[in-house]
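The structure under discussion appears below in the form of structure tokens.
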2 protein chains.
Amino acid sequence: MLKGHLDTIVLAALEAGPAHGYAIIETIKRGSSHTFDLPEGTVYPALHRLEDAGLLSSAWMTPPGGRRRRLYSLTKAGATALADRRKAWGRFSQAVETLLGGGRAWPA
Amino acid sequence: MLKGHLDTIVLAALEAGPAHGYAIIETIKRGSSHTFDLPEGTVYPALHRLEDAGLLSSAWMTPPGGRRRRLYSLTKAGATALADRRKAWGRFSQAVETLLGGGRAWPA
DNA sequence: TTCCATACCTAGTTATGCTAGGTATGGAAG
DNA sequence: CTTCCATACCTAGCATAACTAGGTATGGAA
């Protein structure tokens with residue numbers, strides 16, 4: 001479970017340039033050392049959500065001698081959203097870290 | 001949104017010793033510098049879930065001249081679960097960090 | 001006596017991620 | 001040539017998590 005951070009990760013995966021769904025899944029898998037091995041049923045609906053929200057745009061492409069793919073790109077709003085989500089992740093992980101780290105069995 | 005890490009945080013809050021629901025909310029609020037200001041409707045059901053799962057145990061207490069409170073304690077299974085979840089959090093946050101940090105605007 | 005902070009609770013809504021299916025094509029293996 | 005796998009897309013429906021929005025009750029301060 002990615003618990004609400006899926007969108008952030010997908011946006012980040014597209015920051016380096018446009019990509020299609022299947023490739024995004026692979027990028028996330030390799031980039032996380034297989035910690036996030038996301039099923040398509042998770043990623044495709046997320047891409048549609050993000051496009052509906054205006055954070056991504058898409059276009060069908062057919063590479064020569066290849067199969068049709070839908071290429072997703074970050075919109076300007078998407079880039080802004082990613083920046084916001086990066087900050088939110090920082091606050092979030094910092095807070096969790098403090099709460100988890102601060103909990104000692106018992107200080108002497 | 002705590003995105004599935006609520007249980008981890010609640011378990012961690014009880015690591016230092018038993019506490020009641022309202023106090024746990026305050027502990028999490030202060031410990032996270034108000035990043036996590038959790039509504040009761042979030043925390044109480046979580047406590048019940050964790051107790052049903054055997055990770056917490058509870059007992060009603062009435063301090064002298066005070067009001068009745070339900071004191072929650074970590075069970076042995078709860079302590080084990082907390083250790084597991086700490087590791088899971090480490091893997092999770094590490095992976096997100098890599099994916100977010102690795103996404104550069106463009107490498108030269 | 002009125003109000004606030006404490007202290008507990010739950011029904012119902014919403015959104016998220018996943019399961020479990022389905023369609024289709026290019027290329028390799030047999 | 002046919003069978004199978006990896007690629008590549010999709011959706012309906014389920015489970016669950018967190019929250020909203022209510023409710024009850026008490027001790028102490030104003």
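Bear in mind the structure is a predicted one, so any value in this text is a computation, not a measurement. Numbers restart at 1 for each chain; the letters A, B, ... are given by sequence-line order, proteins then strands.
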Query - Atom-to-atom span, OH of A:Y72 to C1' of D:dA8 - whole angstrom - result: 11 Å
Report task. Can you tell me the distance, in whole Å, between the CE atom of A:M61 and the P atom of D:dC9? Result -> 12 Å
**Report entry** Side chain of A:W60 (C-beta onward), nearest among C:dC18, C:dA7, D:dC9
**Finding:** D:dC9
Query - A:L38 side chain, from C-beta outward: closest of D:dA18, C:dC18, D:dC10 - result: C:dC18
Report task. Can you tell me which stems DNA chain D forms, taking runs of 3 or more consecutive Watson-Crick or G-U pairs with both distances under 3.5 Å? Result -> C:1-30 with D:1-30
Distances under 3.5 Å between nitrogen or oxygen atoms of protein and nucleotides 27-30 of chain D:
none

**Report entry** Among D:dT20, C:dG17, D:dC9, the one nearest A:E40 by side-chain distance
**Finding:** D:dC9
**Report entry** N/O (side chain, B:R69) to phosphate O (OP1/OP2, C:dA7) under 4.0 Å
**Finding:** yes
Requested in this report: Determine the contact category for B:G21: base if any of its heavy atoms lies under 4.0 Å from a base atom, sugar-phosphate if only primed atoms, P, OP1 or OP2 are that close, otherwise nothing.
Outcome: sugar-phosphate
Query raised in the report: What is the distance from CD1 of A:I25 to P of D:dC10, rounded to the nearest Å?
Result: 11 Å
Report task. Quickly work out the A:R68 CZ to C:dA24 P distance and round it to whole Å. Result -> 10 Å
Query raised in the report: In residues 44-58 of chain A, which residues come under 4.0 Å of DNA chain D by heavy atom?
Result: A:Y44, A:P45, A:H48
